[in-house]
Amino acid sequence: MNKRIKNLLALAVLPALFFSCSSDNDNSEVRNPADETYVLSYQTTDWDVYVWQFESVDELMTGSINMVGKGIEQAGALVPVANTFFALTGNAEGSVGYYLNTEGKLGTTANLFTGDSYAYGTTDDNKLVMINSPWDASSTQNEILIYDPATVTISKRVYDDFAISNGHFLWPTSVNVSGDKLFVSTFERDKDWKLYQEKAVVKVYEYPSLKYLKTLEDSRTTAIGQYYTNTGMVQTESGDIYTFSSNSVLCGYTPTASHSGILRIKKGQSEFDSTYFFDFETSSLKGKVLSAYPAGGEKVLVNYRY
């Protein structure tokens, strides 16, 4: 069984991810597209999330794309990890993984309680890192978990206090692992959900031990990412991580005198690169970053507004 991950930007708005299954990986065989099956994760404009199995990419490449009545609705985000989709939910029934079995049928793993995960990211060793945060500010303790899809278990779990000295606390927006370091981008909030974004702030941990190391701050730009989108950090093929700060009301922030921009953390480093800053607002683009997605190699697809 030859399984592959495929990426697609659906309707030029949201990234949709595919995995497929074919009968053989013998290069001499002429592959019949009818023998393949695909699974698509997508989100509607009213934030409903679905997983859908279909038989031909022609269903997406011709005519208008109408997803009404297609797919299995999910309670939360669908995250691609190790050629599966992991459907996150904090509900009592727990999260569940979707995969294609040897017959090309959509199967599910056992349910696994994971809690309320608001930021997550995959790793080079095919794990999923999730951060559970208390939305109601009942605590400032955040739970960091590593999910192993091979065993359908939580292989590591630690707690870390996201409180800061002024009585507010940090809220995670994106997770990225490069080498032996885990990076978590954040914004600052209070118990009443007022957001503060005067600077870029990233918490750094060892991976896979999840030991807290330090917090990075940079006043050249504003808070990285936005609430529950996980589009604030992108790692390129080289292992460098780029962070994206919007300074935009469209992302839930009150704009400040600082500018929307892009910072870099070079592979093997655990500091912002002092020699690199792309100022979106003073560039020829004269816009503000809204979100960013990996586009292969050293390229990143950036969604921005004028």
Side-chain angles (χ1 to χ4, degrees), residues 1-8 15-22 25 36-41 49 51 53 74 76-89 94-102 104-115 117-132 143-158 172 174-185 204-211 229-242 265 267-268 292-298 300:
M1 186 69 59
N2 179 29
K3 296 183 178 179
R4 304 183 302 283
I5 293 284
K6 299 184 179 181
N7 295 286
L8 172 71
L17 298 116
F18 296 86
F19 57 91
S20 64
C21 172
S22 62
N25 69 352
E36 296 189 346
T37 185
Y38 299 82
V39 178
L40 165 67
S41 163
V49 179
V51 60
Q53 183 175 5
Q74 305 299 310
L78 275 159
V79 185
V81 55
N83 214 47
T84 71
F85 280 120
F86 193 56
L88 290 173
T89 178
S95 302
V96 66
Y98 286 89
Y99 64 95
L100 285 173
N101 62 26
T102 55
K105 304 296 184 182
L106 190 62
T108 58
T109 66
N111 289 72
L112 181 68
F113 183 75
T114 55
S117 300
Y118 290 97
Y120 44 80
T122 56
T123 68
D124 289 337
D125 59 345
N126 291 322
K127 305 295 194 303
L128 174 64
V129 179
M130 301 170 286
I131 302 183
N132 295 342
E143 184 181 27
I144 308 175
L145 309 93
I146 300 177
Y147 166 69
D148 185 349
T151 58
V152 194
T153 59
I154 301 300
S155 60
K156 185 73 175 180
R157 184 191 308 261
V158 302
S174 296
V175 175
N176 210 295
V177 175
S178 180
D180 61 353
K181 299 293 188 299
L182 166 68
F183 300 90
V184 180
S185 62
V204 185
Y205 302 82
E206 288 183 350
Y207 180 80
S209 72
L210 303 184
K211 177 184 177 182
T229 63
N230 290 279
T231 57
M233 292 195 293
V234 172
Q235 183 178 161
T236 61
E237 193 173 273
S238 66
D240 292 347
I241 293 174
Y242 293 84
I265 301 171
K267 181 180 180 180
Y293 307 91
E298 295 303 302
V300 177

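Counting begins at 1 with the first residue of the sequence.
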Practice task
Could you grab the distance from atom CE of Met130 to atom CZ of Arg157, nearest 0.5 Å is fine?
Solution key: 8.0 Å

Problem - side-chain contact (heavy atoms from CB on, under 4.5 Å) evaluation trace for Val158 with Tyr205 - result: CA-CA 11 Å; Val158 302; Tyr205 302 82; 5.9 Å; no

Exercise for the section: Indicate yes or no for a side-chain donor-acceptor contact from Gln53 to the backbone of Lys105 under 3.5 Å, with no hydrogens or angles considered. Expected result: no

Exercise for the section: Using modelled atom types only, decide if a donor and an acceptor are shared between the side chain of Glu298 and the backbone of Ser238 within a distance under 3.5 Å. Expected result: yes

Practice task
Flag the pair Asp240 / Tyr242 as yes when at least one side-chain heavy-atom distance between them is below 4.5 Å, and no otherwise.
Solution key: yes

Exercise for the section: Please confirm whether the backbone N or O of Ser174 pairs with a side-chain atom of Ser185, one donor and one acceptor, at under 3.5 Å? Expected result: yes

Practice task
Measure across Leu210 and Lys156 and return the closest heavy-atom pair with its distance rounded to 0.1 Å.
Solution key: CD1-CG, 3.6 Å

Practice task
To the nearest 0.5 angstrom, please state how far the CG atom of Asn83 sits from the CG atom of Leu100.
Solution key: 7.5 Å

Handout entry: Residue pair Val175, Leu182: steps toward the side-chain contact (heavy atoms from CB on, under 4.5 Å) verdict
Key = CA-CA 7 Å; Val175 175; Leu182 166 68; 3.3 Å; yes

Practice task
For residues Tyr98 and Leu106, determine if any side-chain heavy atom of one lies less than 4.5 Å from a side-chain heavy atom of the other.
Solution key: yes

Practice task
For residues Gly94 and Thr89, report the shortest heavy-atom separation together with the two atoms involved.
Solution key: O-CG2, 3.2 Å

Practice task
Output, in order, the C-alpha distance, side-chain angles, deciding distance and verdict of side-chain contact (heavy atoms from CB on, under 4.5 Å) for Tyr99 and Asn101.
Solution key: CA-CA 6 Å; Tyr99 64 95; Asn101 62 26; 4.0 Å; yes

Exercise for the section: Report yes or no: do Asn132 and Ser117 form a side-chain donor-acceptor pair below 3.5 Å? Expected result: yes

Practice task
Can you measure from OH (Tyr207) to CD1 (Ile144) and round to the nearest 0.5 angstrom?
Solution key: 12.5 Å

List, one per line, each side-chain donor-acceptor pair under 3.5 Å for residues 145-154, sequence neighbours excluded.
from: Asp148; atom 1: OD1; to: Ala150; atom 2: N; distance (Å): 3.0
from: Thr151; atom 1: OG1; to: Thr153; atom 2: OG1; distance (Å): 2.6

Exercise for the section: Search all heavy atoms of Ile131 against all heavy atoms of Pro172 and return the closest pair with its distance. Expected result: CG2-CG, 3.8 Å

Completion exercise
One should read off an interatomic distance between Lys181 NZ and Ile265 CD1, to the nearest 0.5 angstrom, of 11.5 Å

Problem - Any side-chain heavy-atom pair of Tyr293 and Thr231 under 4.5 Å - result: yes

Handout entry: Minimum heavy-atom distance Asn230-Tyr118, with the two atoms named
Key = ND2-O, 3.7 Å

Problem - Partner set under side chain to side chain contact (heavy atoms under 4.5 Å, CB included) for Thr122, not counting sequence neighbours - result: Val79, Val81, Leu128

Fill in the blank from the handout: Across all chains, not counting sequence neighbours, the salt bridge (charged side-chain N to carboxylate O under 4.0 Å, His left out) partners of Asp125 are Lys127

Exercise for the section: Would you give the length of the straight line joining atom CZ of Phe85 to atom OG1 of Thr109, rounded to the nearest 0.5 angstrom? Expected result: 14.0 Å

Practice task
Of all the heavy-atom pairs spanning Gly104 and Thr37, show the shortest one and how long it is.
Solution key: O-CG2, 3.4 Å

Practice task
Please answer whether the main-chain N or O of Lys267 pairs with a side-chain N or O of Ser178 as donor and acceptor at a distance below 3.5 Å.
Solution key: no

